[in-house]
Amino acid sequence: MIEKKHIQTEVDAAFLYQKLAEKEEDPTIAKVFVEMSDIEKSHALAFLSANHMNEDQLPQPSSRARFTLLLGKIFGYELILGQLLDVEKNLANATLKNKSKLGLAADGQEKNHVTILENLIKTGNKVSPHQFSRFERRHKTMGGNALRAAVLGGNDGLLSNFSLVMGVAGATTGGNEVLLAGSAGLLAGALSMALGEWISVKSSQELSENQMEIEMNELIANPEGEKRELKLIYMTKGIDEMRAAEMAEETMKDINHAHQILVKEELGIMPDEIEGQAWQAAIYSFLMFAVGAIIPLIPFILSSGAKAIGASIILSGLGLFFIGSIITLFTGKSVWYSGFRQVLFGFAAAGITYGIGHFIGVSLAG
């Protein structure tokens, strides 16, 4: 018996691929999305059949899928594609893990959903190199990792500053002290997030640059060995040994070109993707933390006292629910379940800090 949530996952994927096709201006890439939609729908129908259900029992796209579409309309449809690819990867990894637990051997088909887009683009639809590189660049621009970083940054800012604001509000009358403390918390937290992200990305970038330098040194010191590596790389792409050897020989005539291929294929590094990423990541983290952190502060900018505290709680609750809703893109849970869970945890943290602040405020006053 196949669980209904798995059928729903296939229906949602078909729905989102179809929406991507409708918005895609390039007819060739649009055709890829249409085919992906048809494939996902066929999986859903196969699951129905396995459960002895009729086609008219096929569920409608879920609220989570429609929410994803809404986010795509707001932030760009690349977000949807990146999310779909991440979901496919998670499903593939889960399948491999389950097979491992059951002692079943992998048959190589577990990651078909992950690779099918690339296969369709490279072979099935004769997409030009320009179209393929544009497609690759687009789905990497706003994939799940970028969205996840944005959600976590906004969540950290909102939750930490909401707790801080409520703690100070509990210890005071909810006046300028809250605004001052909240502003300091916003700035300190955003700077800390930005610096941490900069160091993390910069360290990774320096590691990649060092590996690239080592690869160039190997090319200079041992060209024959690197030529053999190139030949093996070409062979793994389905090229026969003789032709692979010819291509490796030709490639080695331009050491810079050979270096680019080895860096990409052997090390998995895309040089154009690591340039300038540290500062971009730092600025992005700063802004996302600040966006979340300013939400509980807004009422105290406009007002003070109990009125501002109440408004801050309402605004923060809405923000927490929105963040919880976005998290469903990664967890597959209900929007309402995830949203209210986020609100519950956020209010619990803020309630604790408010209580502690009130206790300290009373103690100091007494």
Side-chain angles (χ1 to χ4, degrees), residues 5 62-64 67-68 71 144 147-194 196-197 285-366:
K5 67 178 182 180
S62 67
S63 58
R64 186 168 64 89
F67 183 68
T68 302
L71 290 177
L147 178 60
R148 189 177 292 109
V151 172
L152 293 178
N155 183 66
D156 286 347
L158 173 54
L159 191 55
S160 63
N161 223 33
F162 181 37
S163 298
L164 174 62
V165 163
M166 288 298 107
V168 177
T172 65
T173 58
N176 291 333
E177 303 93 341
V178 178
L179 183 59
L180 177 61
S183 298
L186 184 156
L187 187 59
L191 287 172
S192 176
M193 285 283 291
E197 194 68 22
S285 296
F286 181 94
L287 292 175
M288 294 312 302
F289 186 96
V291 166
I294 201 171
I295 291 175
L297 265 186
I298 293 174
F300 293 96
I301 297 174
L302 305 174
S303 182
S304 62
K307 182 179 180 181
I309 293 173
S312 180
I313 292 172
I314 293 172
L315 274 181
S316 298
L318 293 173
L320 287 166
F321 184 87
F322 180 71
I323 289 174
S325 300
I326 297 178
I327 290 174
T328 64
L329 300 181
F330 314 120
T331 64
K333 296 291 186 180
S334 162
V335 169
W336 296 105
Y337 169 83
S338 187
F340 280 118
R341 181 180 63 179
Q342 197 75 6
V343 172
L344 178 63
F345 289 162
F347 279 8
I352 291 171
T353 56
Y354 182 88
I356 294 173
H358 181 69
F359 175 77
I360 294 174
V362 170
S363 298
L364 292 176

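Numbering of residues begins at 1 and proceeds along the displayed sequence.
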Visitor: Any idea which heavy atoms bring Leu186 and Ala290 closest together, and the distance?
Guide: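 Of all heavy-atom pairs spanning Leu186 and Ala290, the closest is CD1-O, 3.9 Å.
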Visitor: Once you round to the nearest 0.5 Å, how far does OG of Ser183 lie from CZ of Phe300?
Guide: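 Between Ser183 OG and Phe300 CZ, I get 11.0 Å after rounding to 0.5 Å.
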Visitor: CD1 of Ile309: more than 12 outside heavy atoms within 6.0 angstrom?
Guide: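 More than 12 heavy atoms, drawn from other residues, nucleotides or ligands, come within 6.0 Å of this atom.
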Visitor: Indicate the atoms forming the closest heavy-atom contact of Ser312 with Phe162, along with that distance.
Guide: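 So the minimum-distance heavy-atom pair works out to O-CE1, 4.2 Å.
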Visitor: For a side-chain contact (heavy atoms from CB on, under 4.5 Å) check, start with the C-alpha distance between Met288 and Asp156, then their side-chain angles and the critical distance, and finish with the verdict.
Guide: CA-CA 9 Å; Met288 294 312 302; Asp156 286 347; over 6 Å; no
Visitor: Minimum heavy-atom separation for Leu320 and Leu158, please, with both atom names.
Guide: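 So the minimum-distance heavy-atom pair works out to N-CD2, 3.5 Å.
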Visitor: Nearest heavy-atom pair of Glu197 and Ser285: which atoms, and what distance?
Guide: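 In this case the closest contact between Glu197 and Ser285 is CG-OG, 3.2 Å.
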Visitor: Is the shortest heavy-atom distance from the side chain of Phe289 to the side chain of Ser192 under 4.5 Å?
Guide: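 Side chain of Phe289 against side chain of Ser192, heavy atoms only: no contact under 4.5 Å found.
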Visitor: Using a 4.5 Å cut-off on heavy atoms from C-beta on, say whether the side chain of Pro299 contacts that of Leu315.
Guide: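 Yes, side chains in contact.
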Visitor: Please report the shortest heavy-atom distance between Val178 and Val165, naming the atom on each side.
Guide: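 Minimum heavy-atom contact is CG1-CG1, 3.4 Å.
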Visitor: Taking atom CD1 of Ile360 and atom OG1 of Thr353, what is their separation to the nearest 0.5 Å?
Guide: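 Result: 10.5 Å between the selected atoms.
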Visitor: Quick one: OG1 on Thr172 to CD on Glu177, what's the gap to the nearest 0.5 Å?
Guide: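 Result: 4.5 Å between the selected atoms.
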Visitor: How many angstroms lie between CE in Met166 and CG in Leu164, if you round to the nearest 0.5 Å?
Guide: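 Atom-to-atom, Met166:CE and Leu164:CG are 9.5 Å apart.
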Visitor: Run through Phe347, Phe67, Phe345, Trp336 and flag the one making a ring-ring contact (aromatic ring centres under 6.0 Å, His included) with Phe321.
Guide: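 Considering Phe347, Phe67, Phe345, Trp336, a ring-ring contact (aromatic ring centres under 6.0 Å, His included) with Phe321 is found only for Trp336.
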Visitor: Return the minimal non-hydrogen interatomic distance between Gly175 and Ser304, and the atom names on each side.
Guide: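 Nearest pair, atom of Gly175 first, then Ser304: CA-CB, 4.1 Å.
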